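Each remark here refers to the structure printed beneath this line.
Keep in mind it's a predicted model, so treat the numbers as computed, not measured.
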2 protein chains.
Amino acid sequence: MLNRKVAIIGAGATKYAMHFTKSYYDLIAEAYRNAISSIGPEFDPKRIESAWLATVMKNPIHGSAITQATGLIGLASTRVENMCVAGGDAFRNAVLGVASGAYDLVMVIGAEKMCEPDFEAGGRAAFGWPHPEADYGLSAPGILGMYGSRHMYEFGTTKEQMAMVSVKNRKNAVGNPLAFFRKPVTVEDVLKSPKICWPFNLLDCCPEADGASCVILASEAVARKYTTKPVWVRGVGMATDQQSLSDKLSLSEMLPVILAGKKAYEMAGIGPEDLDVAEVHDCFSITEILLYEALGFCEKGKGGPYIQDGNGYIGTRLAINASGGLIGKGHPLGSTGVGQICEVFWQLRGEAGDHQQPNAKVGLQNNTGGMAFSCSAVNIMSV
Amino acid sequence: MLNRKVAIIGAGATKYAMHFTKSYYDLIAEAYRNAISSIGPEFDPKRIESAWLATVMKNPIHGSAITQATGLIGLASTRVENMCVAGGDAFRNAVLGVASGAYDLVMVIGAEKMCEPDFEAGGRAAFGWPHPEADYGLSAPGILGMYGSRHMYEFGTTKEQMAMVSVKNRKNAVGNPLAFFRKPVTVEDVLKSPKICWPFNLLDCCPEADGASCVILASEAVARKYTTKPVWVRGVGMATDQQSLSDKLSLSEMLPVILAGKKAYEMAGIGPEDLDVAEVHDCFSITEILLYEALGFCEKGKGGPYIQDGNGYIGTRLAINASGGLIGKGHPLGSTGVGQICEVFWQLRGEAGDHQQPNAKVGLQNNTGGMAFSCSAVNIMSV
């Protein structure tokens, strides 16, 4: 249990896009300015004591990048590199920082420049060396493709069901001005889009993007000073397993997600049936189906029918990826998790505009990634 | 203040060396085994709930590398990349984790393979791109050389005084079986060693090395279960400033160290006059002199006379880098800070063998680094 309550009091983000005219530092500064402005003019950012920076692809980058971009000299700042889980995990560390009593006011920033010349080298490195199975061609689509094939074989999941995930998320992104892709697609569009690797067509895959996101966290006393609408952190969970596919116990379920979810649900005293919104890591359409099962939204093997039956849409019991998700909104790795938390914050405050889930009170955020998808973070919030 | 007490209950490390026959994962496993063995056979490592991994140079590497190396499936694990400050800052995060109430038992591992073919690319990246001043040749020796020149100009610090830092640390390393260089040197040896860049000769510079280190932390109740000799964490501090030399307010003092030290001393209620041992970040001889001043061991500008007057040696009031420091022991970036904490742990328990500071009760650990030395971590411990 956490020793004291932790609240999110502000959030800000850039649009996810190909920001050729904005540097990495520009993106950090923009997300930061939007976050502090969201609290109001009485907020003094110099009171922020510690920060966590989630960045994966831009190496070397370390915590003082935030200081460089914001001018907050003296700030404690940790850079978290936990591949696609960096954002959600940086958030967990920030929550621990406030709950520990050491800090009353902290910040999490996720930032990534994917659309830069240097990215190619970074990307090759990220999904290749030093993964022991990289020599066999196991890029991210290759690995998730094996999960997808196995899911189809064991449970009869179809390509049409996978496509429905993309259709839902692209539909949601239409309502989100921060999203990269704001044009809806049909199941037929997905199935006719270029083939990537079995069982994925192009529109089963999320787009890379540039972007940054920022959330500001406070202890209860400080939160009450700045806002009448705090969003409370109820549970944080993170789990890992081994980094080789050949070590996995199963390819039809995602063990780190199951374990991270269990930890977060237990700490929160909240179950999947209590959730109104969930922002989950749909890097590929099959990933979201695997996450339905791993996070307890439906039974194991039933993820395909779950989306086919019309679940997950805004206005149903649980809106999943109301923001558009990675598929609709884009995936700037380190920013993704922090951006998901921004989205949950806005949803729970009723500030999500054209993609608002009505009457949302409880929300979940999930990142899943790392070598052979060996890491997952789950965070739960409520008003 | 921390909401509850946090203790170090175990520590283990590899020798720092060119470990051509050991992989990155081998080094993690060796440090981990040594740490858990140090607690005793009744300790069940499966009870470790969360881990922090400090690695700088091996990208991409993320938290599940620990899971891969140890088999602790389900472990929460965050990789911290904060350049040379990664180890001390990963430790701070672990302390926050226990103090938060979320975890009763956590682990910090620092690990680095510097002596690999891939390192060259990593190293070039680390000290070059994307530092805005990299195009002017500002590698680590280049940057610290400017600090050194300025210190000589402002305060009359001499090359002989700098050499005395190397002499002290190389002398201490003779007594440390984990150290890379176990042969003493003289001031003359340092001054006659090959020139690197003004004002440094080769023996003013620390050697790169491979290595890993591990400490295990617990809440008070759990610590009491496993040991009668806990080492208590008293204060953690971290601070940053901007990443360009051209933005620095001064090149004759290290602002992030001053600010990080202030935070740690305040949280601990301990001042520099209370310390018996200090492991500080002597990446170059001048750095240690700057750290004497920044950490309050002597007045500003008096670092040169401080070492010349015989301070800092084992057996004097405050033993500085009794382990041999980075200059004598070696500098595997992510491991360095965690290894310094291992050393303080052994010193405070009277287990430091031939390099023991008599009757040590209070110790400090410091890392300093990042682009243009924009980051610093200071942690304070006592029995």
Please determine whether the number of non-hydrogen atoms from other residues, nucleotides or ligands lying under 6.0 Å from atom NZ of B:K262 exceeds 12. no
Quick check on the interface: out of B:G101, B:G63, B:G97, who has the most heavy-atom pairs with chain A under 4.5 Å? B:G101
Heavy-atom pair count under 4.5 Å with chain B, highest-scoring of A:T70, A:D89, A:L2, A:L75: A:L75
Check each atom of A:Y103 against the heavy atoms of chain B and say whether the ones under 4.5 Å are side chain, backbone, both or neither. side chain
Looking at CD of A:Q242 and CG of B:L72, how far apart are the two atoms once the value is rounded to the nearest 0.5 Å? 9.5 Å
Would you check if there is a donor-acceptor pair between the side chains of A:N93 and B:T78 at a distance under 3.5 Å? yes
In terms of heavy-atom pairs under 4.5 Å with chain A, the winner among B:R92, B:R4, B:K263 is B:R92
Contact leader toward chain B among A:I73, A:N82, A:V6, where contacts are heavy-atom pairs under 4.5 Å: A:N82
Please answer whether the main-chain N or O of A:A99 pairs with a side-chain N or O of B:N3 as donor and acceptor at a distance below 3.5 Å. yes
Using non-hydrogen atoms only, which part of B:L255 is less than 4.5 Å away from chain A: side chain, backbone, both, or neither? side chain
Ranked by heavy-atom pairs below 4.5 Å to chain B, first place among A:C375, A:S77, A:A86 goes to A:S77
Does A:E81 offer a backbone N or O that forms a donor-acceptor pair with the side chain of B:E81 under 3.5 Å? no
Inter-residue atom distance B:M238.CE - A:E49.CD, 0.5 Å rounding: 14.5 Å
Tell me, for B:S50 versus chain A, whether the close heavy atoms (under 4.5 Å) come from the side chain, the backbone, both or neither. side chain
Under a 4.5 Å heavy-atom cutoff, which of A:L259, A:V80, A:V98 has the most pairs with chain B? A:V80
Evaluate B:T240 against A:S64 for side chain to side chain donor-acceptor pair (under 3.5 Å), listing each step before the verdict. CA-CA 5 Å; B:T240 58; A:S64 57; 6.0 Å; no
Check each atom of B:A260 against the heavy atoms of chain A and say whether the ones under 4.5 Å are side chain, backbone, both or neither. neither
As an exercise: rank A:A102, A:S374, A:G74, A:G369 by heavy-atom pairs under 4.5 Å with chain B and give me the winner. A:G74
Any donor-acceptor N/O pair, B:Q68 side chain to A:Q243 backbone, under 3.5 Å: yes
Just by distance, do the side chain of B:D241 and the backbone of A:T67 share a donor-acceptor pair under 3.5 Å? no
